[in-house]
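Take a look at the structure set out below.
Here the structure is a predicted model, which means the values were calculated and not measured.
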Amino acid sequence: MASPNSYKLSCSIPGHEMDVRGLSAAFFPDGAFVSVSRDRTGRVWVPNSSPDRGFTEMHCMTGHQNFVSCVCIIAPSDTYPRGLIATGGNDHNICVFTLDQPQPLFTLKGHKNTVCTLSSGKFGTLLSGSWDTTAKVWLNEKCMMTLQGHTAAVWAVVILPEQGLMLSGSADKTIKLWKAGRCEKTFTGHEDCVRGLAAVSGLEFFSCSNDTSIRRWLVTGECVQVYYSHTNYIYSLAVFPNGQDFVSTGEDRTLRIWKQGECQQTIRLPAQSVWCCCILPNGDIAVGASDGLIRVFTEVEDRMASPQDLQAFEDELSKTTIDPKTGDLGDIKMEDLPGREHLDEPGNRDGQTRLIKEGQKVEAYQWSVADSRWMKIGDVVGGSNQQTSKKVNYEGKEYDFVFTIDINEGGPSMKLPYNVTDDPWLTAHNFLQKNELSPMFLDQVANFIIENTKGHTLGAAPPSAADPFTGSGRYIPVAADNRAGFGADPFTGTGRYIPGSGTPTGAPVGVADPFTGGGAYSSAASRQTSTNIYFPKTDGVTFEQANATQIMAKLRELNGGAPGEYRLSEEVLGSLEKLLVSVCDPCASEQPTTEQISLLWKTSHWPEDIVFPVLDILRLAVRHPQVNESLCGDTDNGVALCNHLLSLMKPQARPANQMLALRTLCNCFSGWRGRALLLAQREAVLSHAADLCSVCNKNIHIALATLVLNYAGSLHGQPDLEAKAQCLSVASAALESVQDKEAVFRLLVALGTTVASDQTAQDLAKSLGVTSQIAKYTSVTDPAKVGECCQLVLKELQ
């Protein structure tokens, strides 16, 4: 017979196909709750009247394009008397549902990365936290304010009952108290990522962390109590109505029930990660785990599962396997383990664990105060053999370590085997690739390996001394080109003018460097240097090469077949040719005239199917100081130029126009007025450019990467975190689809320039997953500059 204060399984609720990541009790119907999962759905569960006293799915909500990470209930209002359901996901969005419709009532957009936590307050206020390091306050379908201050992902938020007070907890190990959008106080004490927050009252709150502790705080800043019992990451908290007792769940496979400041009961589950919990109106506890099941536990005997179901639950638990190096067993030593007779001695606290030898196996047991007996909770991976060999068996091989890695939003914890002779970064990268996990965790996984293997690492090769842009031994940003601007065709590298075509496979190796027009880049693995020659690159990279003769020939050809209203006179063609010569030849005696610039602007609005040679002239012309001032200096003219080029960059537009528009924007950075214009129009320009990431055209990708690089250079040394975040975001998105190594290289230089000597930008980049995303390029040797630059970026982000 269960003791009056012990919780037992009430029911197990199948339905989700993947990890259950969030739970929240609903206002309606009575006793209902909502769950969300990595299977991209949310589900409303209502109590049923069947003998098993379980729950029935009321309806399934869809709307997210990726994993659903969190859920909360928005209180009933006059407009929505049953309340609303808000869910946050890996698609960066928040979907808001009614309780009876499967599709969102509306979607809140604004976060730039995963929305991993939500909390609701008075008057329909919604607070969200994201991997983009911010929390946002929403009201009436609009973002009212953005709370900025954390330097890593915001994993937890809560709105306190006191109006205007909000809390956010972050992977930067801090908790911040916000009032009216301003940070009033920062709480420090946790030694690792803060994963959960729960309000006790308007003056007190709980926090939990990856450091295995739970803390109780006063809003004035004092930590009044620290609770220890968990042996691994703690993911969630829920407080009972009395404001004193609470429950917690974590990576040690447990639900723990805390009363009067002590862990009164420990319930182990047959799932590695117990992600979330909530307390139902009747006092029962619902938990969601990595096995896709929701389990409800109760201390009311009438609501407990049948003896057969309780035994089945215990049997399932006993068949699980435990890795002794995960920390799930606490600090128990494996040497000199006793036999089964050790279980004849009663335990002295609920949840106490013991290991015994049973033949060639090692079994784990947990003491149940409620049942006054030892319950088997699993077999220890590797058995007794690992005690003598000091090796861990995994998938038929022996390893020095087999870690359990917390995958966070990527899924349930998984095993990572490691030998001390392995490279921790390569091991982490291969682990994420093998399991098709988000690359954002590489930094976290690799550092975990290093910290838990006494810092063993393999030395990196010294970087090359070759200039990444010119191939020469010394870095000279945008070295002057003494030749006239009539070199190889910018698209093909040959003498034929075909916009958008690739470089022929038979092209000579020594094609002009794309940054300066100088000599070809050659591998420089044999050179040595102690300095970083790749970034920061703060001067604009431009597209210089052109063949004026062929551009004009193509323009005249297309003009002959142009519609009557667009056909140019020979006089106009002559003016455009003079303009082209004057902007290409630095020794030209004639300067561009106002009339020529006006004609160029007018002609750039030719029909899209014939405009590309005009855009090529525009691309070359904006490098000239006079043209740059005329087209970019005046606010109205500048905005009109940007809008026109952006219209040519639409995803459905012609590739040649897309590429030339991007190249024109890049060349605008050659003058300070063009740079100022593009910084003012940054959000729109980079947003449109990002839409071209998925276009399969290497010339477009190189131009896109160059644009991001130029923005990064212009922002270097500036405190504009939002602008740098957009650069990082676009670069990250581009690296998902870009294959061309030159484009990859320029994106790496852009990343390095953005984070160089900027700790905040570095933290932001790491929280966005940049480290893991670029790790695969460290081994690239052709061209060598890609691998060398990547290693330097990773070093900057350590």
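- Ser10 places a side-chain N or O within 3.5 Å of a backbone atom of Arg303 that can act as its donor or acceptor partner.
- Using modelled atom types and a 3.5 Å distance limit, the side chains of Arg253 and Thr320 yield a donor-acceptor pair.
- Side-chain atoms of Gln265 and Ser6 include no donor-acceptor pair closer than 3.5 Å.
- Side chains of Trp275 and Ser290: a donor-acceptor N/O pair is absent below 3.5 angstrom, by distance only.
- Comment: Arg256 does not engage Asp350 in a salt bridge, judged by the lack of any side-chain N to carboxylate O separation of less than 4.0 angstrom.
- With 3.5 Å as the limit, one finds a donor-acceptor pair spanning the side chains of Arg43 and His16.
- A salt bridge is absent between Lys173 and Glu191: the closest approach of a Lys/Arg side-chain nitrogen to an acidic carboxylate oxygen does not fall below 4.0 angstrom.
- Applying the salt bridge (Lys or Arg N to Asp or Glu O under 4.0 Å) definition to pairs two or more places apart or across chains, none involves residues 231-244.
- Comment: Glu345 does not engage Arg373 in a salt bridge, judged by the lack of any side-chain N to carboxylate O separation of less than 4.0 angstrom.
- Evaluation of the side-chain hydrogen bond (donor to acceptor under 3.5 Å, both in side chains) rule for His342 yields Arg354 as partners, not counting sequence neighbours.
- Within 6.0 Å of the CD atom in Gln65, the count of heavy atoms belonging to other residues, nucleotides or ligands does not exceed 12.
- Ring planes of Trp258 and His230: tilted class, angle from 30 to 60°.
- Around atom CD of Glu262, no more than 12 heavy atoms belonging to other residues, nucleotides or ligands sit under 6.0 Å away.
- Taking a 6.0 Å sphere around CG of Asp100, one finds it holds more than 12 heavy atoms contributed by other residues, nucleotides or ligands.
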Step-by-step salt bridge (Lys or Arg N to Asp or Glu O under 4.0 Å) determination, Asp211 to Arg195 | CA-CA 10 Å; Asp211 65 9; Arg195 295 299 292 265; over 6 Å; no
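- The cationic atom of Lys259 (NZ for Lys, CZ for Arg) lies less than 6.0 Å from the six-membered ring centre of Phe240 and within 45° of the ring axis.
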side-chain hydrogen bond (donor to acceptor under 3.5 Å, both in side chains) assessment of Trp155 paired with Thr117 = CA-CA 6 Å; Trp155 276 106; Thr117 177; over 6 Å; no
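- Between the Ser170 side chain and the Ala153 main chain, a donor and an acceptor come within less than 3.5 Å of each other.
- Between the Ser209 side chain and the Thr212 main chain, no donor and acceptor come within less than 3.5 Å of each other.
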Val296 vs Thr298, side-chain contact (heavy atoms from CB on, under 4.5 Å): CA-CA, chis, key distance, verdict | CA-CA 7 Å; Val296 179; Thr298 185; 5.7 Å; no
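- Enclosure of atom CD in Gln225 by more than 12 non-hydrogen atoms of other residues, nucleotides or ligands within 6.0 angstrom is indicated.
- Ring geometry for Phe206 versus Phe246: interplanar angle of 30 to 60°, hence tilted.
- Side-chain polar atoms of Ser130 and His92 form no donor-acceptor pair below 3.5 angstrom.
- Donor-acceptor pairing under 3.5 Å is recorded for the side chains of Ser236 and Thr249.
- A search for side-chain hydrogen bond (donor to acceptor under 3.5 Å, both in side chains) contacts involving Arg349 returns nothing, not counting sequence neighbours.
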